[in-house]
Amino acid sequence: MMSFAGICGLIFISLLSCSVQHPGASQGTDCSWIKRSSPEASSGVYIIKPVANKKRVKVYCEMLPDGGWTVFQQRSGSKVSFNKKWRYYKNGFGDLAQDHWLGLKSVYHMTKNKTRKWTLRVDLWDHEGGTAYAEYSDFRLSNAKNNFKLHVGNYTGNAGDAIRGSYAGIDQNSFGFSTVGRDNDGCDPCIFGDIAVNECVFSEGGGWWFSRCGSANLNGEWHPTGNHIGWASGLHWRTWKGPAPYSAKSTRMMIKSE
């Protein structure tokens, strides 16, 4: 027969175990923190609580050998429309485990933490089985009052630096986010040959940090194989494919803290 002390010990261990695992409890401040704390953690949906945010957020963590990455954009088909208004891009939409946009507000709260440096990684897949990537150091977003301006540092990769542009004058760095009804693209108007464009979102589609329309936009209309070349709207990274506009088959954007 188990002693009274033994029974009490089991009860204590049980209570302790229950106190550690709360439904909805945060599992870290971001995916990088989770990976550092649990090196064997697998990719999937986690609950985080960014240092600068009072609320918990569900995110998809891509756990790779170089760390845990918080995915904030994924495209692989037409099931989820990215032709959304400001409030959707601010708060997020889609299925975290599949195609989605995490939300500008959540990304801002994560990168607001000045005690850490953040890397942005863009992964691209073409329709012929090829891949490419771009990484940017010192990534962060400004707050909503400043239209979630994009800030990136040095570029590395093999996809080309499309954020700063394939030609002079279209650097998207330090530009605010634009959607239908929220125009921050710098066009008043922009002239392309004999075409005048007042808002890039109408020709490019989706929402993005447009700068005179620019050479990067991964939130336009998704185009299937055989119908992915020549469209103004698409999943574009123009320093990677061209000269005709090439819409990627799949894209992913994610961030990692150091």
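Here, residue 1 is the first one in the sequence, and each next residue gets the next number. Just so it is clear, the structure is predicted and the values come from calculations on it, not from any experiment. Any value given below was found using the heavy atoms of this structure, including those in side chains, with hydrogens, waters and symmetry copies removed.
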>> Show, in sequence, the C-alpha distance, side-chain angles and deciding distance for Ser211 and Asp171, and conclude whether the side-chain hydrogen bond (donor to acceptor under 3.5 Å, both in side chains) test is met.
In response: CA-CA 6 Å; Ser211 165; Asp171 189 351; over 6 Å; no

> Taking it one step at a time, do Lys241 and Asp126 satisfy salt bridge (charged side-chain N to carboxylate O under 4.0 Å, His left out)?
Replying inline: CA-CA 9 Å; Lys241 296 283 186 177; Asp126 65 22; 3.0 Å; yes

> Does the pair Asn143 and Lys149 meet the rule for a side-chain contact (heavy atoms from CB on, under 4.5 Å), with working shown?
Replying inline: CA-CA 7 Å; Asn143 59 22; Lys149 285 183 179 179; over 6 Å; no

>> With side-chain contact (heavy atoms from CB on, under 4.5 Å) as the criterion, how do Glu135 and Leu120 come out once you've worked through the C-alpha distance, each side chain's angles and the decisive distance to 0.1 Å?
In response: CA-CA 6 Å; Glu135 285 192 7; Leu120 165 67; over 6 Å; no

> Given the rule in the side-chain contact (heavy atoms from CB on, under 4.5 Å) test, do Tyr136 and Ile163 qualify, once you have shown the distances and angles that lead to the verdict?
Replying inline: CA-CA 10 Å; Tyr136 293 90; Ile163 286 178; 3.6 Å; yes

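Of all heavy-atom pairs spanning Gly205 and Ser233, the tightest one is CA-OG, 4.2 Å. When all heavy atoms are compared, the tightest approach of Asp183 to Asn198 is OD2-O, 3.5 Å. In terms of heavy-atom proximity, Cys200 sits nearest to Phe210 at CB-CG, 3.7 Å. Across Tyr155 and Ala134, no two heavy atoms sit closer than the pair CE1-CB, 3.6 Å. Scanning both residues, Val201 and Val180, for their nearest heavy atoms gives CG2-N, 3.9 Å. Taking all atoms of both residues into account, the shortest heavy-atom contact from Gly207 to Asn217 is O-OD1, 4.2 Å.
A 4.5 Å side-chain heavy-atom check between Leu218 and Gln73 finds at least one atom pair inside the cut-off. A heavy-atom distance below 4.5 Å is found between the side chains of Ser215 and Ile170. Using a 4.5 Å heavy-atom threshold, the side chains of Thr239 and Asp161 count as separate. Residues Lys117 and Thr111 are not in side-chain contact: their nearest non-hydrogen atoms beyond the backbone lie 4.5 Å or more apart. Inter-residue side-chain proximity for Thr29 and Met110 is flagged as unmet; no heavy-atom pair is nearer than 4.5 Å. Inter-residue side-chain proximity for Ser42 and Met63 is flagged as unmet; no heavy-atom pair is nearer than 4.5 Å. Under the 4.5 Å side-chain criterion, counting only non-hydrogen atoms from C-beta, Thr70 is not in contact with Lys256. Residues Leu150 and Leu141 are in side-chain contact: their nearest non-hydrogen atoms beyond the backbone lie under 4.5 Å apart.
Across the pair Cys31 and Cys61, the gap between the SG atoms, which is the quantity tested here, stays under 2.5 Å.
A donor-acceptor pair under 3.5 Å links the side-chain atoms of His236 to the main chain of Trp231, judged by distance alone. Within the 3.5 Å criterion, the main-chain N or O of Gly234 finds no donor-acceptor partner in the side chain of Ser247. The backbone N or O of Gly226 lies less than 3.5 Å from a partner atom in the side chain of His228, making a donor-acceptor pair. For Lys84 (side chain) and Tyr88 (main-chain N/O), no donor-acceptor pair under 3.5 Å exists by modelled atom type. The backbone N or O of Arg87 sits less than 3.5 Å from a side-chain atom of Asn91, completing a donor-acceptor pair. Although no hydrogens or angles enter the test, the distance criterion places no donor-acceptor pair under 3.5 Å between the side chain of Trp69 and the main chain of Ile255.
Linking ILVMFWY side-chain heavy atoms closer than 4.5 Å, directly or via other members, places Val51 and Ile48 in two distinct hydrophobic clusters. Under the 4.5 Å side-chain heavy-atom criterion for ILVMFWY residues, a single connected hydrophobic cluster contains both Tyr60 and Val122. If you chain together hydrophobic residues whose side chains sit under 4.5 Å apart, Val80 and Trp125 never meet in one group. No continuous path of ILVMFWY side-chain contacts below 4.5 Å connects Phe175 to Tyr89, so the two sit in separate hydrophobic clusters.
Taking CG of Leu124 as the reference point, atom CZ of Arg75 lies at 12.5 Å (rounded to 0.5 Å). Glu199 contributes atom CD, which lies 13.0 Å from atom CD of Glu204 (distance to the nearest 0.5 angstrom). Interatomic distance, Leu64 CG to Lys35 NZ, rounded to the nearest 0.5 Å: 8.0 Å. In this structure, Gln172 CD and Arg212 CZ are separated by 12.5 Å, a value rounded to the nearest 0.5 Å. If you take CZ on Arg36 and CD1 on Ile34, they are separated by 10.5 Å, rounding to the nearest 0.5 Å. The NZ atom of Lys249 lies 9.5 Å from the CD atom of Glu128; values are rounded to the nearest 0.5 Å.
For Phe93 and Phe82, the ring centers are positioned less than 6.0 Å apart. Aromatic rings of Phe177 and Trp208 (six-membered ring for Trp) have centroids beyond the 6.0 Å cut-off, not under it.
Between the side chains of Ser76 and Asp99, at least one donor-acceptor pair of N or O atoms lies under 3.5 Å. For the 3.5 Å distance criterion, the side chains of His151 and Ser142 qualify, holding a donor opposite an acceptor. If you check the side chains of Thr251 and Gln74, you find no donor sitting under 3.5 Å from an acceptor. Neither side chain, Tyr108 nor Asn53, offers a donor N or O lying under 3.5 Å from an acceptor on the other. Side-chain contact of Glu221 with Asn83: a donor-acceptor pair under 3.5 Å is absent, judged by distance alone.
Other residues, nucleotides and ligands place more than 12 heavy atoms under 6.0 Å from the CG atom of Asp66.
Its side chain within the 4.5 Å cluster rule, Leu235 clusters with Trp222 among the Ile, Leu, Val, Met, Phe, Trp and Tyr residues.
Checked against side chain to side chain contact (heavy atoms under 4.5 Å, CB included), Lys90 has the following partners two or more places apart in sequence or in another chain: Trp86, Lys105, Phe148.
Classification of Glu62 and Arg252 as a salt-bridged pair holds, one side-chain N sitting under 4.0 Å from a carboxylate O. Under the 4.0 Å criterion applied to side-chain N and carboxylate O atoms, Asp95 and Lys79 are not assigned as salt-bridge partners.
For the pair Arg121 and Tyr133, the distance from NZ or CZ to the six-membered ring centre is under 6.0 Å and the angle to the ring normal is within 45 degrees.
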